[in-house]
Structures are given as structure tokens and as C-alpha cells.
Amino acid sequence: DGGITQSPKYLFRKEGQNVTLSCEQNLNHDAMYWYRQDPGQGLRLIYYSQIVNDFQKGDIAEGYSVSREKKESFPLTVTSAQKNPTAFYLCASSIDNTDTQYFGPGTRLTVL
Amino acid sequence: AQRVTQPEKLLSVFKGAPVELKCNYSYSGSPELFWYVQYSRQRLQLLLRHISRESIKGFTADLNKGETSFHLKKPFAQEEDSAMYYCALSRSNYQLIWGAGTKLIIKP
């Protein structure tokens, strides 16, 4: 493992607070993705970025924001507008948007 | 609607028995399908994709467009196959739609 890292592993926040999840990759991949995983459900795409300084909304972008200022980094901010933020968040990257996705270890966010 | 369905949340088989994890999809275009696997305490990783038509760790999967299925099969299960398996479909914009996953338990 290695190549794509997420931090922290566990995150606790109070309701109403924004929180930023980190995702870094040293694989020189152009494309990066954020997914949300809830129990008993498949992964759902939040945002994706095909290239630096560009990103698009996925299926469930409401209440989230991202930036892609560097090729290596794709942080996700969970805002107070996200109605049900408690979930497991996975970051992935791929050489381009047609290729195999490589996943980070995930961040479990709990909003109290 | 574009959808991937894995009808079994849990599948338990004995070591040495055949395994089949089911995946059905709904998609109007030409599908590209994948199986990803997550072993205990490891990251989610690609197992195989249908365009490669290869066998990985003894697993194969054939795309059946008539039945809109992409079932994952292995003739003789091994204990190390115990894991969570996800089927995924690539849409025309290359974004993946995921099934809910099947937990495979191989009993000794």
C-alpha cells in the first residue's frame, strides 16, 4: 500500500462545523475522486477531478466542496449544509478517467 | 435508470466449493464492468475488468449482455478469498456506479 493517503483515519466534529478531509497521492495521477460509503450501500461519487484546477460534481455533491490546486492533493470539505455527514469517505485516483482507480484507506467522519 | 445490483449481501461457502457472486446491471449504453475487492484491513482494489478478459486469483467474470449480468466465478474457493466484493459499472463519462457489495466468507 501507499501512494494515496487520507488523513485523519477517524474524525469527530460537532454539528454545524465545517471539516476538511485530506487526500494526497504521489502516483502522478491526473484524476482524483471522492466517494461516500454508508452501511449496506455502494460507493457514491461526491466530486471528481480529471485534471488540476478542474473538478465536477458527482451524484451527491450537495453540502460538500473540493479544490484541486495541486496535482497531488484533492481535499474535501464537508460543510454544515450537509444534512447527514456521518459516513466513511474514500478518496481514489487514476492515471486518467478511463483507468483503474486506486483507493486510499478512508476517513470515518462522525458528527456529534 | 443506471443501476448495479448485487442481490446477496452475504455469501458463505466451504473451502473447495465453487463460488459465484452475482452482479446485474441496468444501463442503456455499452457497459464496461469491474469487480473490486476489499480484503480485511486492506484497501479497496481492482480485481478484474471485463475488457481485459483475464483470470485473476482464479476468478473470472463474463459479461452477459442478454441477461445484463457480470457474475464473478471461481471453481474452487480458498480461505484467502474471504473479502468484500463490489461490482461497478463505468458510465459514458467514465464515472463508476457501484453495487452495494457482497461479503464472501469461505468456511474451512
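Residue numbers start from 1 in every chain, and the chains themselves are labelled A, B, ... in the order their sequence lines are given, proteins ahead of strands.
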What's the spacing between [X] [atom1] and [Y] [atom2] if we round to 0.5 Å?
{"X": "T100(A)", "Y": "L47(B)", "atom1": "OG1", "atom2": "CG", "answer": "11.0 Å"}
{"X": "R43(B)", "Y": "Y102(A)", "atom1": "CZ", "atom2": "OH", "answer": "12.5 Å"}
{"X": "L96(B)", "Y": "Y48(A)", "atom1": "CG", "atom2": "OH", "answer": "11.5 Å"}

**Item:** Between K9(B), R49(B), Q6(B), the one whose heavy-atom pairs under 4.5 Å with chain A are most numerous
**Value:** R49(B)

**Item:** Side chain Y36(B), main chain Q101(A), donor-acceptor under 3.5 Å
**Value:**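 Pair found, side chain donor or acceptor close to backbone of Q101(A).
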
Take a 6.0 Å sphere around [atom1] of [X] and say whether it holds more than 12 heavy atoms from other residues, nucleotides or ligands.
{"X": "R91(B)", "atom1": "CZ", "answer": "yes"}
{"X": "F76(B)", "atom1": "CZ", "answer": "no"}
{"X": "K15(B)", "atom1": "NZ", "answer": "no"}
{"X": "E80(B)", "atom1": "CD", "answer": "yes"}

Connected via hydrophobic side-chain network under 4.5 Å: [X] and [Y]:
{"X": "W98(B)", "Y": "Y33(A)", "result": "yes"}
{"X": "L11(A)", "Y": "F88(A)", "result": "no"}
{"X": "W35(B)", "Y": "V13(B)", "result": "yes"}
{"X": "Y86(B)", "Y": "I97(B)", "result": "no"}
{"X": "L27(A)", "Y": "F103(A)", "result": "no"}

**Prompt:** For chain B, which residues from residues 52-75 of chain A lie under 4.5 Å away (heavy-atom distances)?
**Reply:** D59(A)

**Close contacts, residues 35-47 of chain A versus chain B, judged by heavy atoms under 4.5 Å** = Y35(A), Q37(A), G40(A), Q41(A), G42(A), L43(A), L45(A)

